[in-house]
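What you see is a predicted model; the values in this text were computed from it and never measured.
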Amino acid sequence: MAHARRFVSLLVVTGLAGAAMVAGPEAGAEQTGPVVATQDAYVISTATRTTYDTTELRVRSTAAQKLQGFLRFDVRGVPAAATSLRATLRLSVSPASQSGRVEVRTSGAFSERSVTWANRPGASAVQGSAVVAPGGTVELDAGPVTGAGVRSYALTAPAGQGAQLRFASSEDPDPARRPALTVTWTPPGPPVSDRLVPREGAWWGSYPGQAAGDVEAREAVYGRQVDILHRYHDWNDTWPTAEEQGYAARGRFLFEGWESRVFGGATICWADIAAGAYDAAIDAQAERLAGFGSRLFVGFMHEPEDNLGPCQPGAVNDAKADMGSAEEFKAAWRHIVERVRPVAPNVVWVLSFMGHDPAGSWALYPGDDVVDWVAWDPYNWANCAGRARDSWRSLQQVAQPMYAQLDAVGNTKPRMLGEFGSHDDPAMGSKEQWLRDLPAMLRTAMPKVRAVVYFDRVATPVPGDPCVWLADSSPQARAGFAAAGADMYLNQPHN
């Protein structure tokens with residue numbers, strides 16, 4: 001969107017195209033309006049059943065008699081992602097008015113043909129007020145607004161003010177004198193930040209496996225292309241691969257996991273990385289990332305909690321082989337980021353925890369200056385892989401502890417579910433509903449989660465791990481996954 005100052009005229013009464021504009025917004029802001037009232041009337045406490053839908057609006061407030069005015073505006077043209085929205089109300093004072101002060105309050109809905117003192121809508125606290133002089137024009141701060149839509153206001157006088165104030169209504173013969181509302185707002189930022197945070201909602205991603213054709217096959221199941229394509233690489237791999245670059249060129253963000261191991265072989269000690277023993281490999285990878293050019297997510301050694309302990313270097317064919325202490329992990333992470341970042345500033349660094357023990361996970365956090373996103377991997381195990389004591393748990397239940405930990409320590413980084421999934425056991429719970437609930441859960445309970453990446457690897461089940469994770473583990477699960485992925489909250493623009 002162009003951020004030049006715009007003036008969008010929504011004058012809905014015939015003949016108002018030439019109406020004067022309200023004073024413009026401050027620099028950098030935009031405005032909609034002035035929008036003329038679509039309905040207005042006033043009511044009197046001493047005539048509780050009478051509607052006054054005339055060419056005037058009147059206010060007064062004494063113990064003996066109170067007069068209140070009501071106005072309604074239809075505001076359009078405000079982007080959903082706009083911020084700092086405020087309304088200003090313009091009123092033209094009748095020459096026959098007395099002097100005094102008028103107040104504006106937000107109010108409930110009303111109809112100008114039927115509103116009376118007896119059925120008048122409730123009104124908020126005073127949003128703004130102004131001194132009134134006969135024959136003049138006043139502008140009042142009408143308070144914050146939430147966006148486009150119908151806005152209703154009440155006009156009142158301070159308690160005890162006996163002066164009767166009179167204003168032109170929307171029926172006034174002179175279009176320029178009719179009540180008008182102007183909304184100012186700050187334009188939304190770009191759809192995607194430089195750290196790959198969507199302006200609204202969250203990214204929808206997947207780890208579909210890394211065999212040829214896996215991406216296309218799984219996206220056919222999803223009914224859409226993923227925003228984030230997750231991959232994992234050995235310490236000595238060359239990446240992004242040509243295949244991955246092709247996927248990125250077709251509109252996906254890559255999320256590359258760089259592991260401090262060679263799968264099926266050697267373990268790389270975190271202390272050695274931090275000490276510079278592998279700088280040549282780090283520098284070579286930095287050059288490849290710089291050559292890729294586009295922004296991408298990169299994480300070093302996902303779920304490091306699973307590899308804490310005295311390092312076991314060499315040919316250790318065990319995914320859980322120990323790689324070092326928490327302090328050594330933090331030092332290795334910092335060393336890699338500080339060495340790569342000057343060469344490849346296009347890299348967005350994602351720290352991925354297991355998150356089972358939130359406080360324990362947080363002990364491995366290397367610092368805000370070397371982390372761009374924080375991710376964790378919540379799963380609904382539901383009595384699979386030997387977890388006989390695990391009951392069925394919703395995604396919110398399994399993800400909430402780590403989310404709460406990040407809140408408790410004041411971490412403000414965007415959050416990601418770097419892996420997540422659910423076992424499929426209809427006797428315990430509905431995987432379809434588990435998936436369908438995802439968008440609403442993110443909106444209401446976890447709005448700081450800005451990306452979710454489903455673990456959807458197509459492969460032979462791991463021995464001793466008979467969990468049914470696949471998005472299409474049943475026709476019902478497939479329907480739930482497709483419904484979640486189709487939700488607007490998880491369909492955000494990339495540019």
Side-chain angles (χ1 to χ4, degrees), residues 80-81 190-193 195-210 214-232 244 247-257 294-299 302 348 350 352 372-380 394-396 398-399 403 414-422 431-458 469-473 476-495:
V192 185
S193 78
R195 297 294 87 190
L196 293 180
V197 182
R199 183 174 63 205
E200 301 180 75
W203 301 128
W204 184 240
S206 167
Y207 173 66
Q210 296 182 211
D214 280 350
V215 174
E216 292 80 1
R218 300 314 290 164
E219 287 184 340
V221 169
Y222 311 154
R224 60 163 289 184
Q225 180 173 294
V226 294
D227 297 309
I228 296 177
L229 175 61
H230 200 358
R231 291 292 182 93
Y232 291 99
E244 290 167 349
Y247 288 133
R250 292 189 290 276
R252 303 168 183 86
F253 295 123
L254 297 180
F255 178 14
E256 304 278 27
S294 299
R295 291 172 296 173
L296 77 165
F297 297 106
V298 174
H302 85 298
V348 177
V350 182
S352 295
D372 295 316
W373 287 63
V374 178
W376 69 103
D377 301 345
Y379 285 91
N380 173 36
S394 69
L395 180 55
Q396 182 176 348
V398 294
Y403 190 94
R415 302 174 190 179
M416 177 189 298
L417 304 186
E419 292 180 7
F420 77 103
S422 176
K431 182 173 178 177
E432 176 184 6
Q433 196 61 49
W434 195 94
L435 293 164
R436 284 184 183 274
D437 289 343
L438 171 60
M441 185 276 288
L442 293 176
R443 284 189 187 95
T444 59
M446 296 189 181
K448 297 173 188 175
V449 172
R450 309 307 303 278
V452 292
V453 182
Y454 195 80
F455 188 80
D456 198 39
R457 182 185 62 190
V458 178
W469 300 120
L470 292 184
D472 58 341
S473 55
Q476 294 79 12
R478 179 173 182 168
F481 194 91
D487 192 279
M488 290 182 62
Y489 195 82
L490 294 165
N491 284 268
Q492 300 300 323
H494 289 206
N495 49 50

Determine whether [X] and [Y] make a side-chain contact, defined as any pair of heavy atoms from C-beta on separated by less than 4.5 Å.
{"X": "W434", "Y": "L395", "result": "yes"}
{"X": "E219", "Y": "R252", "result": "yes"}
{"X": "W203", "Y": "M416", "result": "no"}
{"X": "W376", "Y": "L417", "result": "yes"}
{"X": "D227", "Y": "Q492", "result": "no"}
{"X": "R231", "Y": "V215", "result": "yes"}
{"X": "S473", "Y": "K431", "result": "yes"}
{"X": "D377", "Y": "H302", "result": "yes"}

(request) Answer yes if the ring centres of Y454 and F420 are under 6.0 angstrom apart, and no otherwise. (result)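 Here the rings of F420 and Y454 have centres that are less than 6.0 Å from each other.
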(message) I want to know whether Y207 and F255 have ring centres closer than 6.0 Å.
(response)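 Not close enough - the centres of the two rings lie 6.0 Å or further apart.
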Backbone N/O of [Y] and side chain of [X]: donor-acceptor pair under 3.5 Å:
{"X": "R450", "Y": "G201", "value": "yes"}
{"X": "Y232", "Y": "Q210", "value": "no"}
{"X": "R295", "Y": "S193", "value": "yes"}
{"X": "D372", "Y": "V348", "value": "no"}
{"X": "E432", "Y": "A479", "value": "no"}

Closest contact, heavy atoms only, [X] versus [Y]:
{"X": "A484", "Y": "L435", "value": "CB-O, 3.4 Å"}
{"X": "A375", "Y": "G418", "value": "CB-N, 3.9 Å"}
{"X": "V226", "Y": "S206", "value": "CG1-CB, 3.8 Å"}
{"X": "N491", "Y": "G485", "value": "ND2-O, 2.8 Å"}
{"X": "V449", "Y": "A202", "value": "O-CB, 3.8 Å"}
{"X": "E256", "Y": "L254", "value": "OE2-CD1, 3.8 Å"}

(message) Over 60° means perpendicular and under 30° means parallel, so tell me whether Y222 and F481 are parallel, tilted or perpendicular.
(response)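 Judged by the thresholds at 30° and 60°, the geometry between Y222 and F481 is tilted.
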(request) Mind running side chain to side chain contact (heavy atoms under 4.5 Å, CB included) on L442 and L490 for me, showing each step along the way? (result) CA-CA 10 Å; L442 293 176; L490 294 165; 4.0 Å; yes
(message) Distance alone, cut at 3.5 Å: any donor-acceptor contact between the side chains of E216 and Y247?
(response)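 Yes, a side-chain donor-acceptor pair sits under 3.5 Å.
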(request) Check whether the side chains of D437 and Q433 place a donor and an acceptor atom closer than 3.5 Å, and report yes or no. (result)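 There is such a pair (donor and acceptor under 3.5 Å, judged by atom type) between the side chains of D437 and Q433.
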(request) Give the intermediate values and the outcome of side chain to side chain contact (heavy atoms under 4.5 Å, CB included) for residues F297 and H230. (result) CA-CA 9 Å; F297 297 106; H230 200 358; over 6 Å; no
(message) Between Q396 and T444, is the side chain to side chain contact (heavy atoms under 4.5 Å, CB included) condition met? List the steps.
(response) CA-CA 11 Å; Q396 182 176 348; T444 59; 5.9 Å; no
(request) Please name all residues satisfying salt bridge (charged side-chain N to carboxylate O under 4.0 Å, His left out) with D472, sequence neighbours left out, ordered by chain then number. (result)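 D472 satisfies salt bridge (charged side-chain N to carboxylate O under 4.0 Å, His left out) with R218 once adjacent residues are dropped.
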(request) In sequence, state the C-alpha distance, the side-chain angles, and the governing distance for M446 and M441, and then conclude on side chain to side chain contact (heavy atoms under 4.5 Å, CB included). (result) CA-CA 7 Å; M446 296 189 181; M441 185 276 288; 3.8 Å; yes
(request) Measure the spacing between CG of D214 and CZ of R457 and express it to the nearest 0.5 Å. (result)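 Nearest 0.5 Å value for the CG-CZ distance: 10.5 Å.
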